[in-house]
Amino acid sequence: MITIALSKGRIFDETVPLLKAAGIVTRENPETSRKLILETNRRNVRVIIVRATDVPTYVQFGGADIGVAGKDVLDEHGGDGLYTPLDLKIAKCRMMVAVRKDFDYASAVRQGARLKIATKYVQTAREHFANKGVHVDLIKLYGSMELAPLVGLADAIVDLVSTGSTLKANGLVAVEEIVRISSRLVVNQAALKLKRAQLQPLIDTFTRAVG
Ligand code: ATP
Ligand code: MG
């Protein structure tokens, strides 16, 4: 049995065509089903639905053999015990620093001000500002980061941006790109050895489908 870990939403939606290229079709849609284990047309392949941030954990400890996770999630997780052979080039966005329109970020950085940064991505943010030599106090949030600068919780946020419309709707502007994000295939290293006959063809098909 091969277990594939996916998260609901854009990662599931954008992985469906890749699975299809490998001849794998789930019998149910996670948006309408409450099931967390989805059977597929292949008796020896199943898909489990987990939170995006939990995909690396399931794969690392063998709860799934293979999964799809954003680079944002993988960088935060650290990637121990995970093999990431392939950039699937799906769920693309950018991790950015954003501030209130009326906040002069460049000048705050120039003056060596200590900045309060709210983010879900504490590790990535810490590393980014350390590399820039900017002193920061990091405030861990789990969502709706855009709110933090509006109510004085933070000077800036570190968040994912694709169109920028959420930032705009909240009077924020992106001032710095930290890293370009896309989703990666993650594979359990032990499973790759033990189930190579099943996993390698899947990885090869994905590789061709991504192009
Ligand atoms: P939830 O939104 O339910 O709290 P989440 O934020 O963990 O959960 P998604 O918003 O579906 O889940 O994001 C999953 C992954 O998709 C992220 O880890 C990231 O790699 C990617 N992603 C997030 N936001 C965007 C975006 N605006 N555009 C493109 N890809 C994105
Ligand atoms: Mg989200």
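Source: prediction; values computed, not measured. Indexing begins at 1, ligand by ligand and atom by atom, following the structure's order.
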Taking N or O atoms only and a 3.5 Å limit, does S162 qualify as a polar contact for ligand 1? yes
So, is S7 polar-close to ligand 1, with some N/O to N/O distance under 3.5 Å? no
With a 4.5 Å cut-off on side-chain heavy atoms, are S182 and R180 touching? no
Within the 4.0 Å heavy-atom shell around I11, which atoms of ligand 1 are there? 15 (C)
With a cut-off of 4.0 Å, which atoms of ligand 1 are near a heavy atom of I181? 20 (O)
Taking M1's backbone N and O only, do any of them form a donor-acceptor pair with K195's side chain (distance below 3.5 Å, no angle check)? yes
Honestly, for V161 the part within reach of ligand 1 (heavy atoms, under 4.0 Å) is neither
Is the backbone of T3 close enough, under 3.5 Å, to the side chain of D65 for a donor and an acceptor to pair up by distance? yes
Please determine if K140 forms a cation-pi arrangement with Y142, meaning its NZ or CZ atom is less than 6.0 Å from the six-membered ring centre and no more than 45° off the ring axis. yes
According to the side-chain hydrogen bond (donor to acceptor under 3.5 Å, both in side chains) rule, which pairs have a member within residues 26-44, sequence neighbours left out? none
Heavy-atom nearest option to atom 18 (O) of ligand 1, drawn from D72, D159, L160, T163: D72
Hey, which atoms in ligand 1 end up nearer than 4.0 Å to a heavy atom of A52? 7 (O), 14 (C)
Looking only at non-hydrogen atoms, which of E14, K92, R51, M95 approaches atom 8 (O) of ligand 1 most closely? R51
Only heavy atoms of V73, strictly under 4.0 Å: list the atoms of ligand 1 that pass. 18 (O)
Counting only heavy atoms, tell me which of E76, R184, K71, R10 gets closest to atom 11 (O) of ligand 1. R10
Could you list which atoms of ligand 1 come closer than 4.0 Å to a heavy atom of A91? 29 (C), 30 (N)
If the cut-off is 4.0 Å to any non-hydrogen atom of G70, which atoms of ligand 1 fall inside it? 20 (O)
